[in-house]
Amino acid sequence: MSNLADKTEYRALSIIAQMVRQFERLHYLDMTKTDDWDACNARNLLEGIIQSNGYRINDDKNIHKPLLKI
C-alpha cells in the first residue's frame, strides 16, 4: 500500500493530481447517477488530500508542474 510518514511527499501528491485530472475525462461518458455520485466523491476526497497539504492542481497546460503551492 504505502509507507506512513509525518508528511506526504510531493511525488505522491503529484500522482494524485494526475488521477484527479483523469476524472475530467468521465464528463463525456455515460454513467449511472450512483456511479457519477461516487466518482464525484472520490475526486473531492483526492482534491482534499492535495489541498490539505498546501497545494492546488495546476490547470494551466503551459506550466508543466502538476501542483502549485498555495
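Reckoned from all heavy atoms, side chains included, excluding hydrogens, waters and symmetry mates.
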- Query: From Leu67 CG over to Asn53 CG, what is the distance, rounded to the nearest 0.5 angstrom?
  - Reply: 9.5 Å
- Is the closest side-chain heavy-atom distance between Pro66 and Tyr10 below 4.5 Å? yes
- Under a 4.5 Å side-chain heavy-atom rule over Ile, Leu, Val, Met, Phe, Trp and Tyr, are Leu29 and Val20 clustered together? yes
- Do Leu46 and Leu68 belong to the same hydrophobic cluster, where Ile, Leu, Val, Met, Phe, Trp and Tyr are linked whenever their side-chain heavy atoms lie under 4.5 Å apart, directly or via other members? no
- Message: Within a 6.0 Å radius of atom CG on Asp30, are there more than 12 heavy atoms belonging to other residues, nucleotides or ligands?
- Response: no
- Task: Could you tell me whether the side chain of Asp36 and the main chain of Thr32 form a donor-acceptor pair under 3.5 Å?
- Result: no
- Any link between Met19 and Ile49 through a network of hydrophobic side chains (Ile, Leu, Val, Met, Phe, Trp, Tyr) touching at under 4.5 Å? yes
- CZ of Arg43 to CD of Glu24: how many Å apart, nearest 0.5 Å? 5.0 Å
- Query: Checking Asn58 side chain against Lys65 main chain: does a donor-acceptor pair fall under 3.5 Å?
  - Reply: yes
- For Lys69, does the NZ atom sit with more than 12 other heavy atoms under 6.0 Å from it, leaving out its own atoms? yes
- Query: With a 4.5 Å limit on heavy-atom distance, are the side chains of Ile50 and Ser52 in contact?
  - Reply: no
- Message: Please determine whether residues Leu45 and Ile15 belong to a single hydrophobic cluster, defined as Ile, Leu, Val, Met, Phe, Trp and Tyr linked transitively by side-chain heavy-atom distances below 4.5 Å.
- Response: no
- Task: List the atom of Ala17, the atom of Ile57, and the distance in Å for their closest heavy-atom pair.
- Result: CB-CG1, 4.2 Å
- Once you round to the nearest 0.5 Å, how far does CG of Asn3 lie from CD of Glu9? 8.5 Å
- Task: Test Arg25 against Gln22 for side-chain hydrogen bond (donor to acceptor under 3.5 Å, both in side chains), laying out the working first.
- Result: CA-CA 6 Å; Arg25 298 174 67 191; Gln22 292 299 314; 2.9 Å; yes
